[in-house]
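Everything quoted here is computed from the prediction, not taken from an experiment.
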Amino acid sequence: MKPCVVGIGGAGGNILRQFLSSQDVDLVVHQFGELLAFGDVKGIWLESATQDAQGQDYYGNLVENCYPPYLICHGDISDSSATRSYVMDTYGFDLKAPGFDRRAEYLKAMFEIFELDPKLKDKCSKEFEGSDNPLSRYMWKKGIRPFTIISMGKSAGRGATKAQESKEGLAGLIPPFLRGLTEMGRPNGGKGMKSSKLCDSILFLASLGGGTGTGFVNPITSFVRSEEVIFPIFALGIMTEKGSDKRHAEEGQRYLGAAIAMYDLLTKESGQGIDGLLLVDNQILKERFEGDYTAMDSTIYDALKPLLELRNYPGDQLQDDAPAIRRVLWEVDAEMTQGKKNKDNEIRLLPPVLVPCYYAQHDIKGDINTLVEGALGRPGTLFPLGKDGRLFPCDPTKSDRALVFTRGFFSTQEIAKAVSTRTNLPGSKIKIYRKLGDSKNEDILILLRNPYGGAPGEHKRQGTLEWRLHEIISLAIDYVDKNEENILGFQSYKKITKDKLWDYFYGEKGLNWELYNCLDRLENGDRPVFKTPLKIFRDVATTSNSSESCLVRPEILAGDKYDLRELVKSELKEILRSEDCRKRIKEILQS
Amino acid sequence: MSQTETVPGVLWLSIMVGIMIIGLIFHMHYFVRVTDHVKKTSDRAFQRKDLMAALRIHQGSNFNTVMLFSWSTFLVAFAFLYFMTPDVLGTLNYFSFPQVASDSLGLLYFGGAVIIIPGILIALFVPQSYSYYQISPQMKQITLLTPVFLLASIAFSVYLGTIYPETNDLYWYMGYLALMISLALLLAPIIKGWIEEMRT
């Protein structure tokens, strides 16, 4: 697997640095060829805060053909853009906002209007060469796509600059064996890049609970999916830690952003969004490294190394390519499919949650049991966290699949046996990817798929995924309940936006209501936790300040039938539980 | 300066050739070890070329450039030290070709000939040999010192060639030492890889 790693926002950019750290010699005065990152991955940092991007010296501007590059998300929108003015005047959103400080709903709403407002679509299409979203289009076509194999055969060089063209023209005059020595890093990746150097998948890195990363990760994946239905896309979400952060954002506010992002990522069916969400809890890393963020970022990078390692066992080269991993992630058990079909005669596949568990031993012992135990922890020791390799709280025995990546000399049978003993999974549900490693360390990465659910009351057991998600969602609900002014009182919001946001947060079947349902599911051990896709600008034809502007009714999303039934059920449950209802039933019975 | 020939050049030459042979043995043994390990744990039969292909990784253009330059320079430094004067190997030396030796660009021709003929072989095999090892960026950074020692060795050889028929033991030793250190640096990634493999 050779992903294009896309760091979004501040945290995404910091972690991406680790992924792009050069494995080559630094010659200081001149660099030959391309930057060599571990696993030959490519990367790009997407940022909305121009001042943050310019205030560092690691990334260079992609527009200026630098590598490793950053790309300002709104770089294609001019100050005097008609689309920008329209969005600002009608909804109060600034397309060129320098950062989206802890407001996932801001970006969510901003992307939705591009899908729903026909006048905006029209304006945007005229201004941005037929595109209906200037942000997503720019990030995808200018930023990410040229680094992927998708760019092969397409007009990847459409945006090539004159300098680049002249450089490539010059390259044609140089004998092939010297070309590698004369290239000065990759300019605007993709064009002219050898196919072996292009990436076969995308891995987004974003914090869950930040601003830009939390808000952008979902819309950008949706946009990519509108062009590429089966291209493997994975996301690594780093849950922000408890307490207030250095920007004085409270945990409740950040967890609300995280809940919104997770909700949107995990309720998009196969072919509409990501193929899997890897969850990492920064709270665990913070406790382990006492707040040393560089060490925390480095640990995340180290944990993914077995996945990125290119040295497969002989004859196993094709087993870990991205499409194969994508297929395994979506693999469904026959009994699960049957269960779904019986309810409404259709299968609804939602992306899995993946918990990375990593352990490395520096002494070569050849003992797979030690590695597995280090990664998953000993049986019965879910808490305290940070003592083993689980990067997000979970009970390994709850997972429905385990993807095991090892570096070292281990046989498939011994790996399967060790993992099976700890997770209780049958061999058929343990997928093993062996790499040769470096003879210096042995390490293991186990991606546990959906390690939750199945039994009620698990939210009370410390160290389970249910327990942590319950905590996150409870804090998010608490923030929503107590901070209506803060959520809706953002100064630039227009009335239509405020109304829609109120409806989204507090309205009937809004986010708050749905989050309560999520808590119920966690308490009851139901799977999945997040079910019904939610939109801010939903289900009404609304007129805005501008007489011509209107939002059209969005199309009913797939799988709604099943979800509606679920909603009615839970609504009825809630009514029956209420004091008022109980009183009335009592009265009826007494009479 | 002294006129005596006290520096044991043949001994140093033997040591250096010995180190190179040991490097080659380590390189071969590394494959034997890895093959054994993989055979013991592999699910299927595989051919040696499959294993070689699986082991290969790109080490980076900078590293390859440095290594190509260093090995080529090593040959030049080696040739300059042993063939510049008749002190070590007797009749076979630079001064046996008076047209070249008396030319103002003679040293350049000499160095160029050494680079071109075996240099082509180096270009074919050196990057490939290193590609079978996981070489850490720190180790790669250390190899940057190689050209420095090699250039120093060449400078000492040129000095000795210039003062010939007189000689200077200190410069001989310095030349040998610089060449030895650079050889050790060139072989370090292979030796380190072998040592790590031996731990398994």
Side-chain angles (χ1 to χ4, degrees), chain A residues 21-40 177-185 194 196-197 305 309-317 319 362-366 368 406-416 432 434-442, chain B residues 30 33-70 120 123-124 127 131-147 189 192-200:
Chain A
S21 57
S22 176
Q23 302 298 302
D24 199 357
V25 180
D26 182 7
L27 295 180
V28 185
V29 287
H30 181 84
Q31 308 298 330
F32 294 100
E34 298 164 15
L35 182 143
L36 179 71
F38 185 84
D40 264 359
F177 71 95
L178 285 176
R179 217 169 283 166
L181 304 182
T182 55
E183 278 178 24
M184 259 292 283
K194 286 178 194 168
S196 64
K197 301 279 180 187
K305 271 185 168 178
E309 175 68 70
L310 293 173
R311 307 209 311 176
N312 287 282
Y313 255 58
D316 290 354
Q317 278 87 342
Q319 66 165 3
H362 300 295
D363 294 324
I364 306 294
K365 289 177 182 168
I368 189 68
T406 58
R407 292 196 296 174
F409 300 109
F410 304 109
S411 75
T412 310
Q413 290 78 10
E414 61 180 339
I415 298 170
I432 295 163
R434 293 180 303 158
K435 315 288 176 93
L436 288 169
D438 58 5
S439 310
K440 193 178 171 186
N441 306 307
E442 287 172 342
Chain B
Y30 170 78
R33 294 274 305 185
V34 174
T35 308
D36 280 354
H37 277 121
V38 176
K39 260 186 190 166
K40 277 180 198 162
T41 51
S42 185
D43 302 331
R44 65 192 86 183
F46 62 90
Q47 292 185 327
R48 188 178 159 84
K49 64 173 185 180
D50 296 332
L51 177 65
M52 304 284 261
L55 280 172
R56 286 186 70 176
I57 46 166
H58 185 40
Q59 300 291 1
S61 300
N62 289 347
F63 177 76
N64 285 340
T65 308
V66 169
M67 279 301 155
L68 283 174
F69 177 75
S70 299
I120 292 169
L124 288 175
S131 70
Y132 300 117
Y133 297 88
Q134 283 266 12
I135 308 171
S136 68
Q138 293 79 11
M139 170 56 81
K140 287 177 182 171
Q141 210 66 35
I142 290 170
T143 59
L144 270 183
L145 292 171
T146 317
K192 189 167 178 272
W194 177 81
I195 291 170
E196 283 168 358
E197 183 53 43
M198 289 300 286
R199 293 170 62 221
T200 57

Peer 1: Which heavy atom in B/S61 sits nearest to a heavy atom in A/F32, and how many Å separate them?
Peer 2: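 Looking at all heavy atoms of both residues, the shortest contact is CB-O, 3.4 Å.
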Peer 1: Would a 4.5 Å heavy-atom cut-off, applied to side chains only, mark A/L27 and B/L144 as touching?
Peer 2: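 A side-chain contact under 4.5 Å exists here.
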Peer 1: I would like to know whether A/D40 and B/I57 meet side-chain contact (heavy atoms from CB on, under 4.5 Å); could you show each step before the answer?
Peer 2: CA-CA 9 Å; A/D40 264 359; B/I57 46 166; over 6 Å; no
Peer 1: How many angstroms lie between CD in B/Q134 and CZ in A/R407, if you round to the nearest 0.5 Å?
Peer 2: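 Going from CD on B/Q134 over to CZ on A/R407, the span is 7.0 Å.
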Peer 1: Looking at every non-hydrogen atom in both residues, tell me the closest pair between A/D24 and B/Q59 and how far apart they are.
Peer 2: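 Nearest pair, atom of A/D24 first, then B/Q59: OD1-O, 3.5 Å.
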Peer 1: Counting only non-hydrogen atoms closer than 4.5 Å, does A/S22 touch chain B with its backbone (N, CA, C, O), its side chain (CB onward), both, or neither?
Peer 2: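 Backbone only.
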Peer 1: Testing the basics here: between B/V38 and A/L436, what is the closest heavy-atom pair and its distance to 0.1 Å?
Peer 2: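 Answer, listing the atom of B/V38 first, then A/L436: CG2-CD2, 3.6 Å.
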Peer 1: Say you draw a straight line from CZ of A/R434 to OG1 of B/T41; how long is it, rounded to the nearest 0.5 Å?
Peer 2: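 These two atoms lie 5.5 Å from each other.
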Peer 1: Would you compute the distance between atom CZ of B/R33 and atom CZ of A/F409 and round it to the nearest 0.5 angstrom?
Peer 2: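 That separation rounds to 9.0 Å.
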Peer 1: Has the side chain of A/R311 got a donor or acceptor atom that lies under 3.5 Å from a matching backbone atom of B/Y132?
Peer 2: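 Judged by distance alone, yes, a pair lies under 3.5 Å.
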Peer 1: Quick check: closest heavy atoms across B/K140 and A/Q23, and the distance to 0.1 Å?
Peer 2: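 In this case the closest contact between B/K140 and A/Q23 is NZ-O, 2.6 Å.
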Peer 1: How far does NZ of B/K40 sit from CZ of A/F410, to the nearest 0.5 angstrom?
Peer 2: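 Interatomic distance, B/K40 NZ to A/F410 CZ, rounded to 0.5 Å: 13.5 Å.
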Peer 1: Would B/H58 and A/E34 satisfy side-chain contact (heavy atoms from CB on, under 4.5 Å), going step by step from the backbone distance to the final call?
Peer 2: CA-CA 11 Å; B/H58 185 40; A/E34 298 164 15; over 6 Å; no
Peer 1: Pairing donors with acceptors under 3.5 angstrom, does anything connect the side chains of B/N62 and A/Q31?
Peer 2: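 Side chains of B/N62 and A/Q31: pair found under 3.5 Å.
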